[in-house]
Amino acid sequence: MKDKISLAMARRIALGAQGFNDPRPAGVPDRRHLARVLSRTGLLQIDSVSAVVRAHYMPLYSRLGPYPLTLLDNAAVTRKRAVFEYWAHEASFLPVETYPLMRWRMQRAEQGDEIYLGLAKWGRERKETIDEIYREVADRGPIAASDIEGHKGNGGWWGWSEAKHAFEWLFWAGRITTAYRRGFERYYDLPERVLPQAVLDLPEPSVEDAHRELLRISARAHGIATYGDLRDYFRLAPGDTKDRIEDLVDAGELLPVKVEGWDKTAYLHKDARFPRRIEARALLAPFDPVVFERTRTEKLFDFRYR
């Protein structure tokens, strides 16, 4: 194993890790192809940006070519769903198997941590509203925030109503989840009525084990990455990750290397591939995992993306 890697090779490792060296489907892409992409990316960032289509549809197109949008839509509904929504690298679709790995974040959110400060403050002051909205979901779900009569926002992007605040707080805390979307609006229900039972039955790892596994997913998705890159993929805090990365280095899962032109140590995943060529051409959305960390994009491709 080399302890120094050229920038050109680092680019190919990163693109290979994200699936750009995988063959495109010969026919119409199906759930197997979706699963393959998710095994590479680990997540799909959700965003309202829709210059072409909603941002979360684009990474699949970039890797699979033309596909029916219902492939992702159907993967996010019914108890046979393949993905669920939660906060990872911002709001994201995640493989359902990842659900137990996010429970620590849900529990911290309920305590006022790992959540927007304004929403945490609001939650401490509005316990009765939160309990009222939770009962509405339990009794009537799946429902949207707009279904709650008498709760109107005050306009603007962040002009949330009291009900919308409660829904968002409950979502962060994991007490409710997205049953489906209509347009771009979430319809919420209880996790036990939405997620596959096999997922609900999975054991909940310790916080340390969850962080290690999330860093493994991040490392596989990057192929090669700095400490900051590995943390950013799931927006993990420095205090939660420094020792966990050292654990993975000690276990031989991450290999410290020097990349040409980089001023920080990089970590190579032990199973990273070393493609001789990457011939893929793809249109990338701003929130594609291969470019959504802009500093990494500049280091890898000498491309300032704003």
Side-chain angles (χ1 to χ4, degrees), residues 43-49 54-56 76 83-94 98-195 204 207 210-211 214 231-241 287 292-293:
L43 55 80
L44 297 172
Q45 184 178 339
I46 301 170
D47 198 90
S48 60
V49 168
R54 299 287 184 191
H56 44 282
V83 297
F84 75 104
E85 289 189 31
Y86 192 60
W87 293 96
H89 187 91
E90 303 299 333
S92 301
F93 282 122
L94 299 154
T98 311
Y99 181 77
L101 301 180
M102 308 308 295
R103 289 291 301 149
W104 62 275
R105 179 166 281 168
M106 297 172 187
Q107 291 159 4
R108 288 187 183 178
E110 194 161 13
Q111 297 164 5
D113 300 320
E114 296 281 333
I115 191 173
Y116 295 140
L117 292 178
L119 188 57
K121 180 176 183 293
W122 184 93
R124 289 191 294 271
E125 298 170 352
R126 301 289 202 282
K127 295 289 188 185
E128 290 185 3
T129 303
I130 289 169
D131 291 342
E132 174 191 347
I133 295 301
Y134 179 81
R135 288 193 296 270
E136 289 282 346
V137 175
D139 293 343
R140 297 171 52 192
I143 61 173
S146 60
D147 290 334
I148 305 298
E149 294 182 6
H151 289 269
K152 297 294 184 183
N154 57 16
W157 189 255
W158 297 108
W160 288 356
S161 67
E162 290 284 287
K164 177 63 174 174
H165 274 87
F167 277 107
E168 290 293 329
W169 189 95
L170 287 163
F171 180 80
W172 269 99
R175 293 176 60 188
I176 63 176
T177 191
T178 306
Y180 54 83
R181 285 179 182 261
R182 186 169 295 161
F184 197 64
E185 187 176 25
R186 285 193 190 122
Y187 279 71
Y188 300 93
D189 208 340
L190 306 183
E192 56 266 33
R193 296 202 295 237
V194 168
L195 298 173
E204 184 178 323
V207 175
H211 289 157
L214 290 172
R231 283 199 307 104
D232 182 71
Y233 210 71
F234 286 95
R235 296 287 164 88
L236 301 173
D240 288 325
T241 51
F287 304 112
F292 61 30
E293 211 299 300

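In what follows, every heavy atom counts, from backbone to side chain, and hydrogens, waters and symmetry copies are set aside. One-based numbering along the sequence shown.
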Interatomic spacing from CD in Gln107 to CG in Asp113 - rounded to 0.5 Å: 12.0 Å
From CA spacing to verdict: side-chain contact (heavy atoms from CB on, under 4.5 Å), Trp104, His211: CA-CA 9 Å; Trp104 62 275; His211 289 157; 3.4 Å; yes
Ser92 side chain to Glu90 backbone, donor-acceptor under 3.5 Å: yes
Short side-chain donor-acceptor distance under 3.5 Å, Trp122 and Glu162: yes
Arg193 with Asp189: basic N within carboxylate O range, under 4.0 Å: yes
Minimum heavy-atom distance Thr98-Leu94, with the two atoms named: CB-CB, 4.3 Å
OH-OH distance between Tyr180 and Tyr187, expressed to the nearest 0.5 angstrom: 6.0 Å
Residue list, salt bridge (charged side-chain N to carboxylate O under 4.0 Å, His left out) with Glu125, at least two apart or on another chain: Lys121
Minimum side-chain heavy-atom gap His165-Leu119 below 4.5 Å: yes
Euclidean distance, Leu44 CG relative to Phe287 CZ, rounded to 0.5 Å: 13.5 Å
Carboxylate-amine/guanidinium proximity below 4.0 Å for Arg186 and Glu168: yes
Arg105 NZ/CZ over Tyr86 ring centroid, <6.0 Å and within 45° of normal: no
Heavy-atom closest pair, residues Arg103 and Ala173: NH1-O, 4.4 Å
Residues in salt bridge (charged side-chain N to carboxylate O under 4.0 Å, His left out) contact with Asp47, at least two apart in sequence or another chain: none
Sub-4.5 Å side-chain heavy-atom contact between Leu214 and Met102: yes
Pairwise side-chain contact, Leu170 with Tyr188, heavy-atom cut-off 4.5 Å (strictly under): no
Carboxylate-amine/guanidinium contact Arg235 Glu114, below 4.0 Å: no
Test item: His89 side-chain N/O and Gln45 main-chain N/O as donor-acceptor pair under 3.5 Å: no
Partner residues of Glu185 under the salt bridge (charged side-chain N to carboxylate O under 4.0 Å, His left out) criterion, sequence neighbours left out: none
Closest non-hydrogen atom pair between Leu101 and Ala210, with its separation: O-CB, 3.8 Å
Spacing of CZ belonging to Arg231 relative to CG belonging to Leu236, to within rounding of 0.5 Å: 8.0 Å
Phe171 vs Glu85 side-chain heavy atoms within contact, under 4.5 Å: yes
Interatomic spacing from CD in Glu136 to CZ in Phe167 - rounded to 0.5 Å: 7.5 Å
Aromatic centroids of Trp87 and Trp172 separated by under 6.0 Å: yes
Any side-chain heavy-atom pair of Met106 and Arg175 under 4.5 Å: no
Minimum side-chain heavy-atom gap Phe184-Ile46 below 4.5 Å: yes
Student check: side-chain heavy atoms of Pro191 and Phe84 closer than 4.5 Å: no
Shortest non-hydrogen contact between Arg181 and Thr178, atoms and distance: CG-CG2, 4.3 Å
Derivation of the side-chain contact (heavy atoms from CB on, under 4.5 Å) call for Ile148 and Arg140: CA-CA 11 Å; Ile148 305 298; Arg140 297 171 52 192; 4.0 Å; yes
Heavy-atom donor-acceptor pair, Asp131 side chain to Glu128 backbone, under 3.5 Å: no
side-chain contact (heavy atoms from CB on, under 4.5 Å) between Val194 and Ile176, intermediate numbers included: CA-CA 9 Å; Val194 168; Ile176 63 176; over 6 Å; no
Interatomic spacing from CG in Leu43 to CZ in Phe93 - rounded to 0.5 Å: 11.5 Å
